[in-house]
Amino acid sequence: MDTQMTDQLIEAGVLLAVGMSVVFAFLTLLIAAIHAIAWFCRAFPSAEIESPKSHQKKVSNNTSSTSVRPQIAAAITAAVHTHRHTTLRN
Amino acid sequence: MDTQMTDQLIEAGVLLAVGMSVVFAFLTLLIAAIHAIAWFCRAFPSAEIESPKSHQKKVSNNTSSTSVRPQIAAAITAAVHTHRHTTLRN
Amino acid sequence: MDTQMTDQLIEAGVLLAVGMSVVFAFLTLLIAAIHAIAWFCRAFPSAEIESPKSHQKKVSNNTSSTSVRPQIAAAITAAVHTHRHTTLRN
Amino acid sequence: MEQLLILWESTSLPHFDYKQIIMMFVGFGLLYLAIVRKFEPLLLLPIGFGAILTNIPLAGFSEAGGLLHYIYEVGVSTGVFPLLIFMGVGAMTDFSALIANPRMLLLGAAAQFGIFATLFGAILLNGLPWFEFTLQDASAIAIIGGADGPTAIFLASKLAPDLLGAIAVAAYSYMALVPIIQPPIMRALTTPEERKLPMAQLRVVTKKEKILFPLAVLVLTLILLPAATPLVGMFCFGNLLKECGVVDRLSNTAQNELINIVTIFLGLAVGSRLSADKFLTAETLGILALGAVAFSIGTASGVIMAKIMNRFSKDNINPLIGAAGVSAVPMAARVVNKVGLEANPHNFLLMHAMGPNVAGVLGSAVAAGILLALVGP
Amino acid sequence: MEQLLILWESTSLPHFDYKQIIMMFVGFGLLYLAIVRKFEPLLLLPIGFGAILTNIPLAGFSEAGGLLHYIYEVGVSTGVFPLLIFMGVGAMTDFSALIANPRMLLLGAAAQFGIFATLFGAILLNGLPWFEFTLQDASAIAIIGGADGPTAIFLASKLAPDLLGAIAVAAYSYMALVPIIQPPIMRALTTPEERKLPMAQLRVVTKKEKILFPLAVLVLTLILLPAATPLVGMFCFGNLLKECGVVDRLSNTAQNELINIVTIFLGLAVGSRLSADKFLTAETLGILALGAVAFSIGTASGVIMAKIMNRFSKDNINPLIGAAGVSAVPMAARVVNKVGLEANPHNFLLMHAMGPNVAGVLGSAVAAGILLALVGP
Amino acid sequence: MEQLLILWESTSLPHFDYKQIIMMFVGFGLLYLAIVRKFEPLLLLPIGFGAILTNIPLAGFSEAGGLLHYIYEVGVSTGVFPLLIFMGVGAMTDFSALIANPRMLLLGAAAQFGIFATLFGAILLNGLPWFEFTLQDASAIAIIGGADGPTAIFLASKLAPDLLGAIAVAAYSYMALVPIIQPPIMRALTTPEERKLPMAQLRVVTKKEKILFPLAVLVLTLILLPAATPLVGMFCFGNLLKECGVVDRLSNTAQNELINIVTIFLGLAVGSRLSADKFLTAETLGILALGAVAFSIGTASGVIMAKIMNRFSKDNINPLIGAAGVSAVPMAARVVNKVGLEANPHNFLLMHAMGPNVAGVLGSAVAAGILLALVGP
Ligand code: NA
Ligand code: NA
Ligand code: NA
């Protein structure tokens with residue numbers, strides 16, 4: 001094993017030690033942060049941002065989920081209407 | 001108040017006068033244009049471009065608004081069918 | 001008719017001959033390929049890739065076609081429910 | 001030991017400038033306004049996030065090779081993103097109320113007085129030792145009074161790129177503050193009787209008129225004010241896509257996926273201009289102050305113009321709808337409706353206010369064109 | 001006074017060239033065709049609008065720093081946009097009808113005769129004093145006979161960028177005119193008995209065949225005609241996305257949002273090539289004339305090939321379906337169906353015509369590859 | 001005759017290098033894995049297709065002016081595409097399970113041991129005559145152990161662009177192989193009793209916590225590890241878009257159309273790096289071997305960490321869920337659930353495994369940041 005590889009292996013060892021330490025330190029701090037958030041949310045429970053409808057302005061949300069409903073409603077109305085007529089005729 | 005600012009204020013005054021004049025002139029012309037369009041549309045009422053179905057070629061329109069209809073239709077058919085069977089059995 | 005145009009016309013003639021030959025050759029080979037594919041698919045019919053559900057990971061498919069169905073289902077259920085009540089009352 | 005030093009050097013801690021920390025708090029403040037206060041969240045949330053990212057030491061988001069640098073250069077310094085947003089807004093805008101009652105355009109014109117009057121304010125501020133606005137700066141700031149985000153960003157990117165971040169933040173903040181800024185001005189300038197005035201129902205507008213309208217706007221603009229054609233032209237293009245009825249695919253994409261993608265990128269890129277050296281300056285305070293002035297003057301001008309028109313018109317014109325002339329679609333129109341309902345619970349002004357509201361969009365785009373033509377580079 | 005002069009100078013009026021005005025009318029004409037006549041509106045509407053914008057004096061849409069300049073440079077001169085469109089078209093194309101009856105490929109081959117025959121026409125036009133088409137120009141013009149928009153734009157961007165605008169307009173216009181151009185030719189070349197011929201029902205094609213088909217096309221192309229792989233490869237990629245069944249997300253995006261976004265940009269960029277100096281030339285008239293010739297010859301070749309095949313085939317082949325070989329999917333197939341129904345109200349040829357129809361797409365992409373390989377730069 | 005020669009020269013046949021043919025078979029192999037074996041098809045299908053296209057002689061897909069060249073330069077060498085993917089993945093990720101049980105982050109941390117341990121493997125391979133990995137190469141290879149595609153592509157584009165193709169292919173292949181690689185390791189390291197352990201139900205997480213979580217992650221990252229902010233920041237941005245509830249338009253676009261478009265382009269661009277000279281090397285074999293090692297060590301470390309935590313915890317922790325710490329969301333969590341059900345048919349571990357699973361995404365992004373900071377350019 002030549003010197004260069006030994007050097008690289010030492011460097012890798014340092015990286016391993018430093019890297020895993022930082023990863024654990026970082027994610028441990030994040031555990032603390034999550035506990036702090038949970039504490040904060042219990043301490044200051046606000047209904048303010050829980051409102052389901054967002055006040056979206058200027059850009060109407062035309063995604064399928066919203067635009068489908070009126071269509072379905074119309075279709076259902078038509079279907080039930082048709083059906084009632086059909087059943088009445090029968 | 002130094003000369004430079006006086007110059008700038010004069011320039012701003014000119015901008016104000018010119019700007020508001022142009023804005024009003026422009027939008028007044030647009031009023032005339034809208035009246036002209038309305039007159040034109042009353043004079044030449046054409047059913048030609050009112051046809052609801054566009055002849056879109058090469059690219060089938062898969063957006064939700066159009067693609068939903070067949071689905072809804074099928075669903076309605078199925079629902080009414082199921083329902084009739086259900087009511088018949090009852 | 002000058003020489004240059006004659007040259008160009010000859011060149012165009014060559015292009016026509018070569019071009020149509022290649023087009024026909026290419027698409028004839030493709031006919032053979034389609035027959036080969038058909039033979040291969042008859043020889044090795046596999047149900048493997050016919051499974052309707054793709055194992056899509058990490059990215060849930062929120063396109064309209066899939067997201068509409070539950071909505072429609074719910075709508076239909078509601079419609080039939082409403083209707084039955086309506087007819088019962090009548 | 002050396003590795004530990006490298007590690008320490010690779011954290012932000014030894015590199016933080018207190019100004020960057022302040023700017024991050026500004027970013028978090030914008031997130032707060034967007035999420036909790038619901039201030040124009042579609043733009044202010046990405047702007048706030050971009051502001052945080054751009055101020056992180058060592059991350060280099062806005063330096064050569066950084067993500068926000070690329071996005072800014074590709075989309076904002078070229079002017080492409082605001083124009084695409086404008087196209088999408090055009091594809092979302094319904095001009096029926098304006099076509100049915102074209103005089104409303106005068107209200108959209110009057111409200112632009114806020115823009116031009118603010119030029120004086122900016123120049124007067126130069127009398128104070130902390131300000132040195134050029135006429136180009138002043139014009140870019142004044143357009144905040146137009147209450148139109150993409151117009152403000154587009155003009156700022158051409159006339160005063162260094163102020164772009166502050167101008168965009170001010171423009172969107174004041175647009176979100178419309179329900180707070182406008183009602184006192186509206187009430188101060190009108191009598192309760194005026195606020196109760198009902199208006200005649202609008203006539204039905206044919207599809208053909210709606211198709212010809214964007215083309216008429218385009219023709220007038222290209223003849224009289226070609227400097228405004230990038231903004232007005234793309235707006236009309238979007239509107240034509242919507243109204244023509246033969247390219248619904250393209251219209252849907254322009255008003256949904258395309259505008260959403262561009263909004264994400266535009267917001268982040270604008271946020272990347274909120275660096276300490278550009279934002280933590282006296283100019284920013286001046287911009288915020290001037291923006292409020294521009295907005296208020298615009299609102300007042302619209303209301304006063306409506307009062308004048310009401311006097312000379314045979315049909316009633318409720319002066320409140322003049323306030324909608326600043327644009328801020330559809331927020332300003334909703335505010336008009338709300339203030340009107342307070343005076344007369346049976347008087348729904350929403351549709352009537354939509355006319356001046358969309359006229360205001362055209363008006364401020366025209367004003368931007370004038371400023372570009374007269375003080376532009 | 002000076003300000004008024006500046007204002008006057010900042011309108012279009014003192015800068016208009018009459019040619020620009022003509023080009024704007026051309027743009028409005030394209031909008032008319034798109035909206036009122038419904039001629040390929042997805043492309044002709046953006047092209048028409050782009051043509052208007054690019055001819056506005058002082059606006060600089062197509063000059064350095066202008067919106068259309070950026071879009072053109074990014075998407076058209078690189079060839080990226082037509083290739084993405086082709087990918088999306090691939091993701092929309094169903095090859096079942098062709099796989100069930102592969103001989104239909106011969107009809108798609110025969111219809112390309114229109115392309116190569118038109119080369120002669122272009123060269124003969126050079127005999128007139130107003131024309132000076134190079135062989136590259138002639139090739140880019142001839143591809144109009146392929147009745148495929150993105151193929152024509154891609155080839156023109158490589159062989160004759162100056163003619164791109166006129167070629168694209170001609171290609172899409174003639175594709176829209178298929179219901180007018182093709183029926184007389186089809187009727188002239190067939191007897192009523194031939195037009196009444198019913199065809200055998202097509203067999204069911206398995207999913208596996210549909211997956212292997214684009215791969216087979218890709219392999220043949222990359223071996224025999226690598227110059228055609230940009231077009232054919234992206235087309236096959238799109239088709240594989242659609243047929244493989246495991247990436248529906250990507251397939252949906254390729255055939256909806258992505259192709260819509262690119263269509264908007266491609267149309268505007270093509271329109272930006274309709275400047276007076278490039279379009280108001282004798283060449284444009286020549287291109288329109290040659291395009292019509294190419295289209296007609298292609299239609300006739302397809303029908304004649306179908307007649308020949310019918311003679312030597314044990315199953316009936318209705319000669320009308322040969323006309324669908326020019327591509328123009330699915331318009332040409334619909335026209336076949338309509339003309340067939342006139343002769344025999346119970347004979348639905350639509351599915352049978354889809355085979356040559358999609359074969360025509362491959363055929364013209366292959367023809368484009370040949371032209372690129374033999375006369376390309 | 002000369003024309004025939006030109007024609008022959010314009011086919012691929014006289015230009016094929018056998019290595020290109022091998023690479024095409026590699027590309028078809030990837031298509032097979034994607035379509036038939038359903039190995040991460042969203043990426044491997046475009047990668048495989050890109051690999052075929054890039055190896056076609058004369059087509060020039062990856063040369064200056066070629067489609068894949070443009071896509072690669074715009075999106076991959078700038079790092080923009082992986083960051084946008086990460087934003088979209090953030091907008092799809094639900095952190096509820098992790099917020100409810102934050103200790104799971106330790107499992108996500110432990111699983112990163114696979115990354116750092118693999119550095120040794122890469123350096124030891126240098127002892128063989130065929131390998132010459134620099135520390136940067138080794139780091140880019142080791143990140144495969146993070147089981148996260150965009151992170152691997154982003155890091156490789158910064159540290160070892162020449163190895164990007166092989167690293168991306170290895171990363172996605174092993175992510176797809178999770179159900180085959182992980183179960184034997186999981187079973188070897190756990191007793192049947194451990195595998196049967198039920199876990200306590202998770203508490204409900206409020207909306208406010210979910211909004212504050214990405215901001216907390218962002219703040220910690222920007223303070224401690226700014227080099228990780230491009231990845232982590234865009235991820236948190238996406239997650240905030242999703243959770244804040246006020247920009248659903250943007251969130252939907254980020255997790256649907258935008259990520260789909262970028263996935264198509266990213267896949268093709270990565271595929272374009274699978275050229276013979278870069279892929280048909282001993283390095284590729286080394287990368288594949290090291291990737292498998294990294295994956296296995298990561299899995300083992302996660303399981304062992306879970307065993308240790310179970311010993312010291314008052315609540316049960318089923319050691320199987322440690323395996324989910326490598327990320328590969330949600331495949332690894334599903335595998336945990338499956339192996340758990342084998343031991344105890346009433347024990348559903350899926351939700352419990354989602355905690356370490358999403359923790360693994362953060363863990364590997366952090367690890368990538370560390371590598372960037374310490375061995376980066
Ligand atoms: Na305005
Ligand atoms: Na064709
Ligand atoms: Na990971």
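So that the names make sense, note that chain A is the first sequence line, chain B the second, and so on, each numbered from 1. Keep in mind the model is a prediction, meaning the values are calculated, not measured.
Between chain E and the residues Leu45(F), Ile52(F), Leu58(F), the most heavy-atom pairs under 4.5 angstrom are made by Leu45(F). In terms of heavy-atom pairs under 4.5 Å with chain F, the best-connected choice from Leu224(E), Ile261(E), Ile223(E), Leu241(E) is Ile223(E). Interface remark: of the candidates Leu240(E), Leu225(E), Leu215(E), Leu240(E) forms the most heavy-atom pairs closer than 4.5 Å to chain F.
By the neighbour-count criterion of 12 heavy atoms within 6.0 Å, atom NZ of Lys338(F) is sparsely surrounded, having that number or fewer from other residues, nucleotides or ligands.
Between Leu268(F) atom CG and Met87(E) atom CE the span is 7.5 Å, to the nearest 0.5 Å. Taking CZ of Arg249(E) as the reference point, atom CD of Gln255(F) lies at 8.0 Å (rounded to 0.5 Å). Atoms OG1 and CG, from Thr253(E) and Asn256(F) in turn, are 7.5 Å apart once rounded to the nearest 0.5 Å. Rounded to the nearest 0.5 Å, atoms CG (Leu218(E)) and CZ (Phe28(F)) are 5.5 Å apart. Atoms CG and CG, from Leu258(E) and Leu258(F) in turn, are 11.0 Å apart once rounded to the nearest 0.5 Å.
Within the 4.5 angstrom heavy-atom criterion, no atom of Leu372(E) approaches chain F. For Leu13(F), the parts lying under 4.5 angstrom from a heavy atom of chain E are both the backbone and the side chain.
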Could you give the side-chain donor-acceptor pairs of residues 60-83 of chain F under 3.5 Å, partners two or more places apart or in another chain?
{"residue": "Ser62(F)", "atom": "OG", "partner": "Thr54(F)", "partner atom": "OG1", "Å": "2.4"}
{"residue": "Tyr72(F)", "atom": "OH", "partner": "Arg273(F)", "partner atom": "NE", "Å": "3.4"}
{"residue": "Glu73(F)", "atom": "OE1", "partner": "Ser77(F)", "partner atom": "OG", "Å": "3.3"}
{"residue": "Ser77(F)", "atom": "OG", "partner": "Glu73(F)", "partner atom": "O", "Å": "3.1"}
{"residue": "Thr78(F)", "atom": "OG1", "partner": "Val74(F)", "partner atom": "O", "Å": "2.7"}
{"residue": "Thr78(F)", "atom": "OG1", "partner": "Val80(F)", "partner atom": "N", "Å": "3.2"}

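Within the 4.5 Å cutoff, no side-chain heavy atoms of Asn260(F) are placed close to those of Glu257(E). Between Pro226(E) and Ser12(F) the shortest side-chain heavy-atom distance falls below 4.5 Å.
Of residues 230-238 of chain E, those residues lying under 4.5 Å from chain F by any heavy-atom pair are Pro230(E), Gly233(E), Met234(E), Cys236(E), Phe237(E).
Pairing each heavy atom of Ala34(F) with each of Val246(E), the nearest pair is O-CG2, 3.9 Å.
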